[in-house]
Engineer: 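My structure is below; once you've seen it, I'll send some questions.
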2 protein chains.
Amino acid sequence: MQKSDALSPSPEKARGRGRPRAFDREAALAEATRLFWAKGYEATSISDLTEAMGIGSPSLYAAFGSKDALYAEALDYYREHFDAFVWGNFHKAPSAREAIEAFLVDSASALTGYVADIPCGCMVTLSSVGSEGHPELGNLVRSARASTFDRVKQRLEQAVAEGEIPASTDLNALARYVQTVQNGMSILARDGAECPELKSVAEVAMLSWDRYTRPTQAG
Amino acid sequence: MQKSDALSPSPEKARGRGRPRAFDREAALAEATRLFWAKGYEATSISDLTEAMGIGSPSLYAAFGSKDALYAEALDYYREHFDAFVWGNFHKAPSAREAIEAFLVDSASALTGYVADIPCGCMVTLSSVGSEGHPELGNLVRSARASTFDRVKQRLEQAVAEGEIPASTDLNALARYVQTVQNGMSILARDGAECPELKSVAEVAMLSWDRYTRPTQAG
DNA sequence: AAAATTATATATCGATCGATGCAAAAATCT
DNA sequence: AGATTTTTGCATCGATCGATATATAATTTT
């Protein structure tokens with residue numbers, strides 16, 4: 001008579017001592033992700049997390065193991081649930097130019113919170129984890145940051161193969177450039193830049209693309 | 001007989017008028033700046049600071065007041081001693097285009113530590129102070145970040161006044177773009193990007209300038 | 001319904017955080 | 001010289017950090 005598939009959440013929170021009901025792990029992870037995203041790893045304390053999740057610290061440790069492990073899971077959650085805001089149209093675009101433009105324009109929207117009720121800036125880009133004291137998490141976020149470059153460069157290679165851009169193009173320089181612009185957007189977004197402002201940045205940035213992918217000017 | 005006039009700030013070795021065994025305040029501030037720069041505000045503890053400075057915590061508090069105040073002084077020290085690496089040629093350039101190009105190219109050198117033995121990335125750009133818990137310092141670094149935009153935009157306005165670029169140019173978009181590229185460079189530099197890589201980014205970025213400052217294509 | 005299981009809340013752990021009180025020690029002033 | 005001044009090193013403060021042991025209560029099994 002009880003199916004109890006491990007997640008039958010009730011939004012009501014039981015206040016009694018003891019065991020009110022198994023908390024919703026997914027919802028708690030979502031809260032943790034938002035908190036880490038908005039405040040960063042070090043600035044987010046266990047107290048902050050347990051308060052936002054509505055659970056006690058033993059439940060947190062039983063469910064996620066440690067603060068580090070929770071952050072790692074939050075990173076996965078972030079990439080799984082929010083990357084589409086930035087990369088969705090990129091992957092659907094028929095040409096590299098449209099893909100890059102979609103990536104930058106959609107980044108402008110996503111990073112400023114115009115597409116959903118989310119913190120400003122990219123959780124991965126703005127994470128300062130790894131500067132000291134957390135080498136494992138540092139490698140994690142660094143590799144996450146590197147994936148932006150990888151995706152862009154891979155798309156550029158495809159564009160070369162398809163003849164969209166000249167084979168003589170310096171794909172590393174171009175991909176680093178795109179990565180640089182998108183990274184910079186996160187910082188501006190965190191400081192309060194608005195979506196239209198960043199969209200204009202994206203448009204200006206694309207002018208370099210047009211120029212750079214046409215080495216011999218042939219108007 | 002004694003040269004200490006008891007109320008003029010010692011110009012040279014910063015020898016306190018009391019006990020000469022007093023530590024070198026300037027050198028200590030330099031160490032603190034480097035530490036904050038490399039590790040960030042929250043990740044740098046008082047213990048880290050006192051160890052690097054070679055003093056005890058009471059001396060630190062007597063000399064600087066608090067961790068916050070020390071960070072504020074470190075920011076001043078940073079701007080006073082290292083901004084020239086990035087802005088020196090910008091201010092000397094005869095045209096806005098050369099100024100912007102110098103700014104981006106010199107940023108590539110400075111942010112990757114090619115001009116001196118300094119941490120990678122910009123202390124101001126990468127500072128996550130203000131995300132939570134330190135509103136005063138947050139405003140400080142935010143305004144410091146805003147100064148990049150202000151300087152660039154002011155130079156663009158001058159360029160319009162001098163007829164270097166069309167009056168119809170969207171200076172906000174262009175200045176935000178330059179700011180975005182330079183901010184992004186800091187993140188790449190922190191992740192280990194090399195100087196030549198960022199210089200190529202600067203060159204690609206300048207292609208947008210050439211295109212954007214010529215609204216009616218007249219190649 | 002009683003027993004066994006499970007996950008919670010309370011309370012607290014040692015370590016470290018930023019910040020200070022105190023007395024010893026060194027240099028200037030008288 | 002001695003008295004005063006001032007910084008330092010040692011020790012420690014209360015608060016908070018991340019993490020855990022214990023006890024209790026709701027759920028599951030028998």
Side-chain angles (χ1 to χ4, degrees), chain A residues 1-10 12-25 27-28 32 35-36 39-74 129 132-134 136-137, chain B residues 1-8 10 13-25 27-28 32 35-36 39-74 129 132-134 136-137:
Chain A
M1 55 188 65
Q2 72 291 3
K3 51 284 315 260
S4 82
D5 32 356
L7 47 91
S8 48
S10 88
E12 305 291 341
K13 57 173 189 178
R15 277 303 285 152
R17 191 179 152 104
R19 182 191 172 188
R21 187 179 280 268
F23 68 93
D24 188 339
R25 192 181 192 277
L35 218 52
F36 279 134
K39 301 181 57 173
Y41 176 78
E42 308 231 17
T44 304
S45 70
I46 299 291
S47 303
D48 295 333
L49 292 166
T50 55
E51 184 179 357
M53 295 164 145
I55 62 176
S57 45
S59 301
L60 188 154
Y61 282 93
F64 301 100
S66 70
K67 187 185 178 185
D68 289 20
L70 174 57
Y71 186 83
E73 280 205 52
V129 170
E132 181 80 10
H134 299 275
E136 309 161 5
L137 288 183
Chain B
M1 199 168 290
Q2 71 287 7
K3 65 284 306 276
S4 69
D5 46 20
L7 49 83
S8 84
S10 2
K13 282 284 283 182
R15 295 186 70 91
R17 113 184 182 292
R19 191 167 162 243
R21 203 59 174 168
F23 67 94
D24 187 340
R25 191 181 193 279
L35 218 53
F36 279 135
K39 300 181 56 173
Y41 177 79
E42 306 231 16
T44 303
S45 69
I46 299 291
S47 302
D48 295 333
L49 291 166
T50 55
E51 184 178 357
M53 294 164 146
I55 62 175
S57 44
S59 301
L60 187 154
Y61 283 93
F64 301 101
S66 70
K67 188 186 178 185
D68 289 20
L70 173 57
Y71 186 83
E73 280 205 53
V129 170
E132 181 80 9
H134 298 274
E136 308 161 5
L137 289 182

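First the proteins, then the strands, lettered A, B, ... as listed; each starts at 1.
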Engineer: In whole angstrom, give the distance that lies between atom CD of E51(A) and atom P of dT16(D).
Structural biologist: 13 Å
Engineer: What's the closest nucleotide to the side chain of F23(B) if the choices are dC17(C), dT8(D), dG18(C)?
Structural biologist: dT8(D)
Engineer: To the nearest Å, how far apart are R25(A) CZ and dT6(C) P?
Structural biologist: 17 Å
Engineer: When the distance from CE of M53(B) to C1' of dT8(D) is rounded to whole Å, what number comes out?
Structural biologist: 15 Å
Engineer: Using heavy-atom distances to pick each residue's nearest nucleotide on DNA chain C, tell me which of S66(B) and L60(A) is more 5'.
Structural biologist: L60(A)
Engineer: Looking at every non-hydrogen atom in both residues, tell me the closest pair between A32(A) and M53(A) and how far apart they are.
Structural biologist: CB-CE, 3.5 Å
Engineer: Look at all strands and tell whether T50(A) reaches a base, only sugar-phosphate, or nothing, counting heavy atoms closer than 4.0 Å.
Structural biologist: nothing
Engineer: Counting only side-chain heavy atoms from C-beta out, which of dC17(C), dG18(C), dA19(D) sits nearest to S47(B)?
Structural biologist: dC17(C)
Engineer: Rounding to a whole Å, what distance do you find between E42(A):CD and dG18(D):C1'?
Structural biologist: 12 Å
Engineer: Could you state the CG-P distance from D68(A) to dC17(D), rounded to the nearest angstrom?
Structural biologist: 16 Å
Engineer: State which of dC17(C), dT20(C), dG18(D) makes the closest approach to the side chain of S45(B).
Structural biologist: dC17(C)
Engineer: Any idea which heavy atoms bring G56(A) and T50(A) closest together, and the distance?
Structural biologist: C-CG2, 3.8 Å
Engineer: Starting at NZ of K67(B) and ending at C1' of dT16(D), how long is that distance when rounded to a whole Å?
Structural biologist: 13 Å
Engineer: Could you give all pairs that pass the ring-ring contact (aromatic ring centres under 6.0 Å, His included) test and reach residues 41-62 of chain B, with sequence neighbours left out?
Structural biologist: F36(B)-Y41(B), Y41(B)-Y71(B), Y41(B)-H134(B)
Engineer: NZ/K67(B) to OG/S57(B) distance, rounded to the nearest 0.5 angstrom?
Structural biologist: 13.0 Å
Engineer: Which residue is it: L49(B), D24(B), L60(B)? I am looking for the one with a side-chain contact (heavy atoms from CB on, under 4.5 Å) to I55(B).
Structural biologist: L60(B)
Engineer: Using atom CZ of F64(A) as one end and atom C1' of dA7(C) as the other, report the distance to the nearest whole Å.
Structural biologist: 14 Å
Engineer: In terms of side-chain geometry, is the basic nitrogen of E73(B) or R25(B) positioned less than 4.0 Å from the acidic oxygen of its partner?
Structural biologist: yes
Engineer: Would you compute the distance between atom CG of L35(B) and atom CG of D48(B) and round it to the nearest 0.5 angstrom?
Structural biologist: 5.5 Å
Engineer: Which atom pairs link the protein and nucleotides 9-14 of chain D when you take only N or O atoms and keep those under 3.5 Å?
Structural biologist:
unit_1: dG9(D); atom_1: OP2; unit_2: G56(B); atom_2: N; d: 3.3

Engineer: Roughly, in whole Å, what's the span from OH in Y61(A) to C1' in dC17(D)?
Structural biologist: 9 Å
